[in-house]
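To keep things clear, I will list the structure first and then write my remarks on it.
Letters go in sequence order (proteins before strands), and every chain restarts at 1.
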Protein chains: 2
Amino acid sequence: MVGIKDIAKMAGVSVSTVSNVINGRKNVGKETRERILQICEEVGYQPNLIGKSLKSGKTNTIVFNFSDFERNFYLKIIKGINDYLSENGFDLIVCTTSSSKNFMRNNFARGAIVLDKKMDNEFLVSVADEQFPIVVMDRIVNNDYIQSVIVENYTVMSELVQTLINKGFRNFGYIGGIESSLDHQERFQAFTDTLKNNNIPFQRTHYYFGDFTEESGYRAANIITLSNNLPEILVCSNDNMAIGAMKALKESNYSVPGDISVTGFDDATAAETYELTTVAIPRYESGYLAAKELVEMIQGTRNKDIFKISAKIKWRNTVK
Amino acid sequence: MVGIKDIAKMAGVSVSTVSNVINGRKNVGKETRERILQICEEVGYQPNLIGKSLKSGKTNTIVFNFSDFERNFYLKIIKGINDYLSENGFDLIVCTTSSSKNFMRNNFARGAIVLDKKMDNEFLVSVADEQFPIVVMDRIVNNDYIQSVIVENYTVMSELVQTLINKGFRNFGYIGGIESSLDHQERFQAFTDTLKNNNIPFQRTHYYFGDFTEESGYRAANIITLSNNLPEILVCSNDNMAIGAMKALKESNYSVPGDISVTGFDDATAAETYELTTVAIPRYESGYLAAKELVEMIQGTRNKDIFKISAKIKWRNTVK
DNA sequence: TTGTACGCGTTATCAT
DNA sequence: ATGATAACGCGTACAA
């Protein structure tokens with residue numbers, strides 16, 4: 001509401017002088033400078049970003065886009081992004097898909113971090129630009145001005161399965177996630193590859209379909225209990241399904257890990273409660289690093305490689 | 001990136017004509033209109049909000065402000081806000097405190113919903129305006145252009161305590177939250193009032209300090225177990241503390257609800273896992289209604305009363 | 001230290 | 001039916 005003009009009027013000087021003071025230029029008398037700063041303080045003046053960008057053509061605003069409100073860890077990602085950006089003098093605005101499209105067009109943002117799958121590649125490619133670089137999370141887009149930050153699923157899943165094999169497990173079951181998801185694909189690929197490398201057969205009948213929801217894990221485990229062919233260990237593509245599976249197993253009076261071991265992936269909040277052995281993905285750090293990548297693109301120090309976030313196994317009490 | 005000018009060039013017409021087509025005015029030939037619409041479609045034209053607001057002085061952008069990334073239910077609130085606003089043609093941008101102050105000054109937003117306590121009343125009063133109304137959640141600010149949406153803690157806590165009394169409980173303990181918080185104050189007031197109304201004494205020694213964190217509940221319950229003066233029931237100002245308390249009780253080999261009953265408040269995600277009896281606050285609905293209040297203020301149909309969200313008791317298995 | 005032209009995308013007004 | 005152009009608001013930059 002209160003702008004540079006108002007300040008000028010109050011101080012009895014011209015707008016130019018106020019502008020000079022605000023931008024720390026030295027061509028202003030000490031006394032005038034102090035009076036102006038005093039007034040800015042009093043009325044809580046803050047420069048109008050639009051006005052600023054109007055002239056310079058540049059802003060310091062970054063858009064973060066998401067739309068899945070069910071995933072609590074998104075807040076951690078946002079916090080990571082927020083922290084890095086505010087440490088580096090950028091403003092963050094968080095948008096859900098429909099409004100993101102508006103704000104990514106307007107030249108009032110300097111770049112974007114995109115998490116929402118609904119924001120299609122075609123659109124991203126159409127707006128990505130030297131003047132408007134984009135970081136996408138959990139997907140890969142081939143474009144000079146789009147950088148990917150993805151979780152390194154493969155390595156950690158391989159490590160998990162290898163360790164399980166070393167512990168003596170041979171008879172594996174797997175509950176998969178949405179098949180089109182990159183996360184699922186990588187996790188399952190690592191699972192089968194590691195078994196193969198160890199010459200351990202994986203029976204396709206021990207693969208159960210899921211969609212990352214707790215219910216799908218529950219249903220899958222119910223099917224397992226009916227099959228009279230219980231695997232020794234049930235590896236799940238995420239925690240929700242692992243927890244659903246454990247509920248079903250418990251209801252059928254199987255003990256975990258007594259009768260069957262279970263592992264998850266994500267380290268969701270509930271995983272700790274259920275003492276589930278899982279893989280912890282550093283969400284905060286992903287956000288932080290995504291923001292860092294974006295700022296580096298903005299500053300021209302571009303890194304062409306896909307940025308991979310490494311995850312860690314959390315051994316708890318659902319594996320024998 | 002692509003604006004009205006570009007469209008005009010592509011269609012071989014003037015910007016005026018394009019503007020007329022976009023705004024559905026009838027002074028354009030059918031053929032020209034169709035050609036222009038076609039091009040807009042092809043290149044994915046979307047009107048530039050800044051340019052628009054520059055001319056009209058109005059926008060349809062609403063700012064939502066928060067800063068506590070630990071509270072998962074904030075996502076539900078955001079979803080509620082997002083849904084109402086998008087149903088009603090407004091754009092939502094979510095900001096954390098520092099950038100919110102920028103965007104609430106710039107006249108590019110039409111109003112704001114504020115959740116963050118760090119956004120002080122003084123600032124809110126200074127920006128609230130007929131042209132920029134504000135809805136605050138979980139606090140009360142006395143200003144014509146600021147509307148409050150708060151959770152009705154008192155009624156539901158009274159109901160909870162009264163029901164516990166009816167069940168036969170007489171010896172109550174209480175773990176409080178941050179004392180300056182309105183939520184805590186109302187919950188504790190309802191607690192003591194209801195006991196008083198039933199002529200049940202509450203020993204001040206059965207009040208334990210907490211700060212809404214799980215650790216504080218854990219510590220409080222450890223003190224309780226050392227006191228040799230166990231209450232029959234422990235009412236907690238929120239779920240986190242109730243869960244912390246239950247962990248401590250379990251570690252000291254007390255059974256819940258066998259030896260002592262426990263209640264929480266919030267219906268956090270973990271509450272279900274722990275089968276904790278608690279109070280469910282409709283978070284999604286709070287956000288939705290806050291957005292609704294704001295839009296009504298913008299449209300001039302102002303409702304002077306404080307908007308109260310009512311909550312519901314969820315009976316689970318931590319009360320005998 | 002001041003005056004003022006300029007930049008942005010869109011819309012309204014007035015001409016053609 | 002279509003076009004040319006001023007105006008909107010805020011901050012910056014450059015000449016005075």
Please report, rounded to the nearest Å, how far the P atom of C:dG9 is from the CG atom of B:D6.
8 Å
Just checking B:L54: base, sugar-phosphate only, or nothing, at a heavy-atom cut-off of under 4.0 Å?
base
In terms of side-chain heavy atoms, does B:N20 have a donor or acceptor partner in B:R33 at a distance below 3.5 Å?
no
Sub-4.0 Å heavy-atom contacts from residues 27-40 of chain B onto DNA chain D, ordered by number
B:N27, B:V28, B:G29, B:T32
Report yes if a side-chain nitrogen or oxygen of B:T17 is closer than 4.0 Å to either non-bridging phosphate oxygen (OP1 or OP2) of D:dG3; otherwise report no.
yes
Treat primed atoms plus P, OP1 and OP2 as sugar-phosphate and everything else as base, then score nucleotides 11-16 of chain D 5' to 3': B for base contact with protein heavy atoms under 4.0 Å, S for sugar-phosphate contact only, - for none.
BBB---
What residues, two or more places apart in sequence or in another chain, satisfy salt bridge (Lys or Arg N to Asp or Glu O under 4.0 Å) together with B:K117?
none
Treating A:T32 as the side-chain partner and A:V28 as the backbone partner, does any N or O pair qualify as donor plus acceptor under 3.5 Å?
no
Does the side chain of A:S181 pick up a donor-acceptor pair with the side chain of A:D183 at under 3.5 Å?
no
Salt bridge (Lys or Arg N to Asp or Glu O under 4.0 Å) filter on A:D91, not counting sequence neighbours, yields none
Between D:dC8 atom P and B:Q131 atom CD, what is the distance in whole Å?
17 Å
Closer than 3.5 angstrom, by distance alone: can the side chain of A:T301 be matched with the main-chain N or O of A:E296 as a donor-acceptor pair?
yes
Which pairs, with at least one residue in residues 75-88 of chain B and sequence neighbours excluded, count as a salt bridge (Lys or Arg N to Asp or Glu O under 4.0 Å)?
B:K79-B:D83
Please set out all donor-acceptor pairs under 3.5 angstrom arising from side-chain atoms of residues 61-68 of chain A, sequence neighbours excluded.
| residue | atom | partner | partner atom | Å |
| --- | --- | --- | --- | --- |
| A:N65 | OD1 | A:D116 | N | 3.2 |
| A:N65 | ND2 | A:S100 | OG | 3.2 |
| A:S67 | OG | A:D116 | OD1 | 3.1 |
| A:S67 | OG | A:D116 | OD2 | 3.0 |
| A:S67 | OG | A:K118 | NZ | 2.9 |
| A:D68 | OD1 | A:E70 | N | 2.8 |
| A:D68 | OD2 | A:R71 | NE | 3.3 |

